[in-house]
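Lettering of chains follows the sequences in order, A, B, ..., and the numbering in each one begins at 1. Everything numeric here is computed off the predicted structure, so don't read it as measured data.
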Protein chains: 2
Amino acid sequence: MGNIKTNKDRIFKTAISLFSAKGFRGTSIRDIANAMNISISNIYHHFGNKEGLLVAILEHSSERLVKKLKEVSELDVPPKEKFKKLVETHIRLAGTFTEETKIFFLDEEHLSEEGEKINRNIQRQIYGFYQNVLQELDETGLIRCRSIKVLAFNIFGVINWQLRWYRPEGPLSLDEIIDEMLSFIMNGVFGTTGQNQK
Amino acid sequence: MGNIKTNKDRIFKTAISLFSAKGFRGTSIRDIANAMNISISNIYHHFGNKEGLLVAILEHSSERLVKKLKEVSELDVPPKEKFKKLVETHIRLAGTFTEETKIFFLDEEHLSEEGEKINRNIQRQIYGFYQNVLQELDETGLIRCRSIKVLAFNIFGVINWQLRWYRPEGPLSLDEIIDEMLSFIMNGVFGTTGQNQK
DNA sequence: TCATATATCGAACGTTCGATCTATTGCTGT
DNA sequence: ACAGCAATAGATCGAACGTTCGATATATGA
């Protein structure tokens with residue numbers, strides 16, 4: 001036992017697939033229930049309401065991402081290396097858990113109260129990790145930028161945009177893609193200011 | 001005359017605002033009609049149905065973007081300069097016509113048949129401009145990349161992500177932001193391979 | 001064995017949606 | 001003045017939505 005999937009788990013997984021494929025608004029409670037041949041009341045019993053289900057997904061997937069980024073943030077390594085590791089971890093997680101990541105960035109806005117609040121909180125946490133290391137890089141003169149915020153958003157753009165086009169069956173492996181994205185970001189951030197250190 | 005706004009125009013404008021603010025699915029025909037105190041019949045008369053209204057918006061805003069990018073593409077200038085101009089034009093248009101641009105990239109998928117087809121076609125056209133110039137840069141050795149596609153998508157990510165966070169009332173002007181984004185992209189693309197040419 | 005908590009179900013509710021239908025208005029050319 | 005047509009309004013439709021409810025089935029604990 002322990003490997004047994006409860007119905008709550010299965011609802012969770014199904015919802016992730018459907019929300020990410022058709023959007024939160026585009027997926028009805030009935031869609032989820034029908035996809036696993038149960039009654040919709042089950043979902044209400046386990047998650048309260050539709051938004052409760054979404055919030056559960058958001059919290060679950062963000063927890064993992066935040067935990068990993070925090071681990072990297074606390075590494076005792078030079079800032080440039082830490083930054084690189086941060087981006088790589090971020091890209092890899094976003095590329096691995098495509099569906100979950102899609103949900104919590106594709107459906108922005110459009111949710112009420114709690115959903116928005118939680119979403120904002122997650123984003124703020126993630127931004128915090130980048131802000132810290134970018135500030136350190138800026139203060140030590142390793143980068144020169146007018147706005148850390150814009151810089152961070154540019155990075156987020158590259159990372160999150162992959163969710164739009166990445167397909168596992170594509171010609172490039174995930175690792176190759178990560179390589180490409182990572183070097184693009186590293187160049188973008190350090191540019192001609194950065195040294196040619198390996 | 002000529003400056004007179006027809007009702008059709010006003011419906012168009014109102015729809016752009018609402019679609020971009022609350023999403024296509026999140027905006028009902030009634031929302032649009034109520035926002036301008038007319039009956040929903042007007043909308044059906046002028047645009048056929050809800051998706052017809054969306055398609056009209058997509059075509060209108062993409063037409064402007066494609067036209068501008070094409071103009072730049074046909075300039076007789078060195079590839080690197082052309083690329084820079086292409087990106088700058090793209091960023092500026094996306095940042096200027098925020099609402100329209102939002103619509104045709106936020107609500108991807110989720111539309112049926114014609115909407116999807118048109119959307120795909122627009123994206124393909126835009127990608128084509130980048131593919132051409134990136135290929136030229138690659139062949140002349142000015143850049144070295146494994147995948148032009150990934151490179152282009154990274155650029156799109158940076159450009160389109162601004163729609164998520166850019167607010168005109170923010171501390172930085174649009175021109176400053178464009179500067180930041182542009183140099184990030186230029187560094188990202190040419191990186192340490194590029195020369196330090198001014 | 002009985003009591004209680006949890007899980008699941010089917011039916012129904014009220015609302016909102018996109019769409020349609022039927023009138024009525026207002027302009028335009030003759 | 002009037003026919004004709006586009007523009008607009010209002011009422012209405014069936015379908016789908018999220019949600020609630022009472023009933024039933026299953027598991028747990030005393």
*Asks:* Atom CZ of B:R30 to atom P of D:dA9: distance rounded to whole Å?
*Replies:*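 From B:R30 CZ to D:dA9 P: 14 Å.
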*Asks:* To the nearest Å, how far apart are B:N34 CG and C:dT16 P?
*Replies:* 12 Å
*Asks:* Rounding to an integer number of Å, can you tell me how far B:M36 CE sits from D:dA7 C1'?
*Replies:* 12 Å
*Asks:* Test A:E136 against A:N132 for side-chain hydrogen bond (donor to acceptor under 3.5 Å, both in side chains), laying out the working first.
*Replies:* CA-CA 6 Å; A:E136 199 177 345; A:N132 286 340; over 6 Å; no
*Asks:* Does any part of the side chain of B:D179, heavy atoms only, come nearer than 4.5 Å to the side chain of B:D175, both counted from C-beta?
*Replies:*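 Contact flag for B:D175/B:D179 side chains = no.
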*Asks:* Specify the separation, in whole Å, of atom CD1 of B:I32 and atom C1' of C:dT16.
*Replies:* 15 Å
*Asks:* Whole angstrom is fine here: how far is it from NE2 in B:H45 over to C1' in C:dT22?
*Replies:* 15 Å
*Asks:* Using a 4.0 Å heavy-atom cut-off across all strands, classify B:S28 as base, sugar-phosphate, or nothing.
*Replies:* sugar-phosphate
*Asks:* Please report, rounded to the nearest Å, how far the P atom of C:dG10 is from the OH atom of A:Y44.
*Replies:*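 Going from A:Y44 (OH) to C:dG10 (P), I get 16 Å.
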*Asks:* Can we say B:K22 and B:D31 salt-bridge, meaning some charged N sits less than 4.0 Å from an Asp/Glu carboxylate O?
*Replies:* yes
*Asks:* Figure out the CD1/C1' separation between A:I38 and D:dT26, and round it to whole Å.
*Replies:*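 To the nearest whole Å, that distance equals 16 Å.
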*Asks:* At 4.0 Å (heavy atoms only), tell me whether A:I40 reaches a base, stays on the sugar-phosphate, or touches nothing.
*Replies:*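 If one applies the 4.0 Å heavy-atom cut-off, A:I40 turns out to touch a base.
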*Asks:* Please report the distance, rounded to the nearest Å, between CD1 in B:I43 and C1' in C:dG18.
*Replies:* 11 Å
